[in-house]
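Written below as structure tokens is the structure these notes are about.
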Amino acid sequence: MESRVSQAPRRTVVVLAAGEGKRMKSATPKVLHPLLGRTLVGHVLAAAGAAEATSTIVVVGHKAELVQAHLAEVAPSATPVLQAQQNGTGHAVRIALDAAPDVTGTVVVLNGDVPLLRPETVAALLAAHEESKAGATVLAAEVADPTGLGRVVRDVSGHLERIVEERDASAEVRAIREINAGIYAFDAALLREALGKLSTDNEQGEEYLTDVFELLSSVGHAVGVYVAPDAEETLGCNDRAELAGLRARLRDRVNAAWMRSGVSILDPATTWIDVTVTLSPDAEIDQNSQLLGATSVGAGAIIGPDTTLIDTVVGDGAVVLRTHSIGAEVGPEATVGPFSFLRPGTKLGRKAKVGGFVETKNAELADGAKVPHLSYVGDASIGAKANIGAGTIFANYDGVRKHRTVVGDAAFVGSDTVLIAPVEIGPGAYVAAGSAVGQDVPAGNLGITRAPQRNVDGWTARKRPGTVSAEAAAKAEAERDA
Ligand code: UD1
Ligand code: CA
């Protein structure tokens with residue numbers, strides 16, 4: 001039987017990330033600035049995923065080693081190609097294609113500083129380009145303020161004529177509000193040919209990728225425009241004020257998507273959720289909270305207010321209140337806070353409790369274990385249903401090495417205890433309040449290290465005569481004797 005399925009053309013993605021981004025005034029290259037869980041170029045690469053390309057090339061230049069190291073982490077299959085001198089976007093793409101002589105099909109070019117671009121838009125641009133069989137198609141947008149951007153110039157019948165940089169534009173062209181987003185699809189062979197013909201005859205003396213459109217149309221190839229349905233996606237970022245603007249827009253987009261999927265966000269304006277975070281329905285996020293990195297929050301959990309979770313896994317129905325947490329796991333129905341600090345290696349079991357003003361690190365609390373108040377728990381395992389009294393310190397550090405403390409199931413440690421690691425409190429053992437425990441307490445024993453109490457009769461009257469304390473003591477004595 002004859003196959004009528006037409007093969008999708010082979011696609012190659014080229015991301016332009018060689019520029020410095022001077023106006024960022026930063027030691028960090030512009031494309032490595034972070035934005036809700038990814039760098040700018042990380043967002044662009046994520047959107048470019050929709051192209052389902054057979055290969056991805058990233059043109060690097062300014063601080064190439066930093067950009068390359070980042071790519072190795074977030075997009076190890078991408079090939080970095082060095083553009084030693086940044087002679088323009090056309091020059092950058094030329095160098096990319098020189099490094100990939102076998103590329104055919106469609107080449108998708110994306111500026112590295114357009115982080116709000118959606119994968120759906122990349123897919124729609126590609127569909128428009130490949131259906132129309134154009135030699136080149138540009139993603140354009142109608143914007144209120146086109147300042148600084150390339151303008152899309154159309155002829156009387158609405159066909160794309162050329163793209164003109166603002167610096168090279170007449171007053172008439174500057175009045176156009178349809179701009180070039182810096183995202184394109186090209187036929188590889190035609191692009192390669194046109195790139196060989198670029199001039200540097202422009203205000204910046206650079207090879208402009210945008211000149212490819214006029215070159216192609218002047219020899220009769222079709223060139224097209226795909227207008228982005230939402231101009232916001234095409235916003236670039238040139239300085240930190242613009243970056244903050246993009247961050248706020250992305251926050252709103254992320255929050256709206258989670259709310260539509262069944263998450264309650266009580267104050268979206270003060271809730272910052274990285275794009276890498278996952279949330280379950282009926283989770284509730286209260287105001288002034290940040291959920292960052294590889295954080296996930298289970299169904300019905302309540303987070304915040306005033307909580308920061310970094311790489312933290314929160315189970316179903318847990319409550320985390322006014323807390324800072326990094327690299328922790330909070331079990332289902334566990335409770336944390338207010339004012340606590342969970343550090344890496346913290347693992348709280350089901351219904352475990354870390355109360356107010358508690359710091360934990362490398363600490364495992366089994367199901368139902370409790371550290372309710374004012375404690376430091378470092379390098380410890382605490383058994384199921386054990387209770388750690390207020391003000392207990394797990395002294396894990398001897399000045400040279402860290403040591404572990406093990407507290408057995410349903411053990412009870414009295415308030416203001418120091419557990420001097422390495423030490424083990426057996427299951428069901430008790431430790432008397434105020435003890436400094438450096439030796440193991442076997443299961444079911446009471447450990448007590450404090451000195452026996454001695455009361456000195458009449459001390460206040462003798463040593464503090466004339467004070468309010470002496471007065472109160474005398475009154476109590478008189479009443480007792482009456
Ligand atoms: C470019 C477009 C402009 C468009 C705008 C959208 C050109 C000539 N102009 O202008 O029409 O409206 O993007 O944001 O293409 N880069 C390199 N190597 C270079 C130069 C740039 O890799 O030699 C990279 C930059 O790192 C950046 C991207 O290309 O990621 C765009 O460069 P930029 O200088 O910001 O171009 P614009 O002047 O903004
Ligand atoms: Ca730019």
Side-chain angles (χ1 to χ4, degrees), residues 13-24 26 28-33 39-45 47-48 57-64 66-68 71 80-97 99 109-117 136 138-143 145-153 160 162-169 173-174 176-184 186 191 194-195 198-215 225 228 231-239 242-243 246:
V13 162
V14 177
V15 176
L16 305 186
E20 174 182 358
K22 281 198 187 66
R23 280 176 285 165
M24 297 298 283
S26 175
T28 303
K30 174 162 83 179
V31 294
L32 295 191
H33 278 258
T39 58
L40 299 187
V41 71
H43 283 287
V44 172
L45 284 163
I57 297 170
V58 181
V59 181
V60 299
H62 177 75
K63 299 212 172 160
L66 295 183
V67 180
Q68 252 171 276
L71 291 173
V81 168
L82 183 69
Q83 183 196 25
Q85 276 202 323
Q86 284 79 62
N87 294 333
T89 49
H91 179 245
V93 176
R94 185 153 66 79
I95 282 181
L97 290 194
V109 177
L110 306 100
N111 281 1
D113 61 351
V114 196
L116 300 193
L117 181 67
V138 59
L139 181 70
E142 188 78 35
V143 298
D145 177 13
T147 308
L149 295 165
R151 308 295 206 279
V152 170
V153 180
L160 172 63
R162 58 206 163 94
I163 299 170
V164 182
E165 293 310 292
E166 177 163 283
R167 299 155 179 267
D168 303 299
V173 168
R174 283 184 190 208
I176 297 172
R177 291 189 301 112
E178 188 177 22
I179 58 92
N180 164 24
I183 318 288
Y184 323 80
F186 297 99
L191 173 62
L195 288 173
L198 290 180
S199 84
T200 54
D201 183 17
N202 53 54
E203 209 264 342
Q204 297 190 83
E206 291 183 349
E207 293 179 31
Y208 286 170
L209 178 59
T210 44
D211 285 349
V212 165
F213 286 82
E214 197 177 0
L215 281 168
V225 183
E232 176 184 90
E233 287 185 51
T234 67
L235 290 172
C237 160
N238 291 307
D239 59 31
E242 286 178 6
L243 181 59
L246 296 188

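Read the numbers this way: they start at 1 and go in the same order the structure lists the ligands and their atoms.
One side chain, Gln83 or His91, offers a donor N or O that lies under 3.5 Å from an acceptor on the other. No hydrogens or angles considered: a donor-acceptor pair under 3.5 Å links the side chains of Ser26 and His33.
Where the criterion is an N or O separation shorter than 3.5 Å, residue side chain and backbone included, Lys30 fails it with respect to ligand 1. Ligand 1 has an N or O atom lying under 3.5 Å from an N or O atom of Asn180, backbone or side chain. Annotation: Val59 places no N or O atom under 3.5 Å from an N or O atom of ligand 1; distance criterion only.
Evaluation of the side chain to side chain donor-acceptor pair (under 3.5 Å) rule for Glu203 yields Arg167 as partners, not counting sequence neighbours. Legend: residues meeting salt bridge (Lys or Arg N to Asp or Glu O under 4.0 Å) with Glu178, ordered by chain and number and at least two apart, are Arg154.
Looking at Val67, Val114, Thr89, Val58, it is Thr89 that brings a heavy atom closest to atom 7 (C) of ligand 1. Proximity annotation for atom 23 (O) of ligand 1: of Gly21, Ala92, Gly88, Gly182, Gly88 comes nearest, heavy atoms only. The residue among Ala18, Ala96, Gly61, Cys237 with a heavy atom at the shortest distance from atom 22 (O) of ligand 1 is Ala18.
Between Glu20 and Lys30 no salt bridge is recorded (no basic side-chain N to carboxylate O distance below 4.0 Å).
The distance from ligand 1 to the heavy atoms of Ala17 drops below 4.0 Å at these ligand atoms: 22 (O), 26 (O). Numbered from 1 in the order shown, with element, the atoms of ligand 1 that lie under 4.0 Å from a heavy atom of Ala181 read 6 (C). Near Gly150, meaning under 4.0 Å from any of its heavy atoms, are these atoms of ligand 1: 3 (C), 4 (C), 11 (O), 12 (O). For ligand 1, the atoms closer than 4.0 angstrom to any heavy atom of Gly112 are 30 (O). For ligand 1 and Thr210, the ligand atoms under 4.0 Å from any heavy atom of the residue are 7 (C), 8 (C), 11 (O), 15 (O).
Side-chain atoms of Arg151 do not come within 3.5 Å of backbone N or O of Val164 as any donor-acceptor pair. The backbone N or O of Leu117 sits nowhere less than 3.5 Å from a side-chain atom of Glu233 that would complete a donor-acceptor pair.
Between Leu45 and Leu110 the shortest side-chain heavy-atom distance does not fall below 4.5 Å.
Judged by the shortest distance from any of its heavy atoms, Glu165 lies inside the 4.0 Å radius around the atoms of ligand 1.
The part of Gln83 lying near ligand 1 is the side chain, judged by heavy-atom distances below 4.0 Å. The backbone of Asn87, and not its side chain, has at least one atom closer than 4.0 Å to an atom of ligand 1 (non-hydrogen atoms only; backbone = N, CA, C, O).
Aromatic rings from Phe213 and Tyr208 are positioned such that their centres are separated by 6.0 Å or more.
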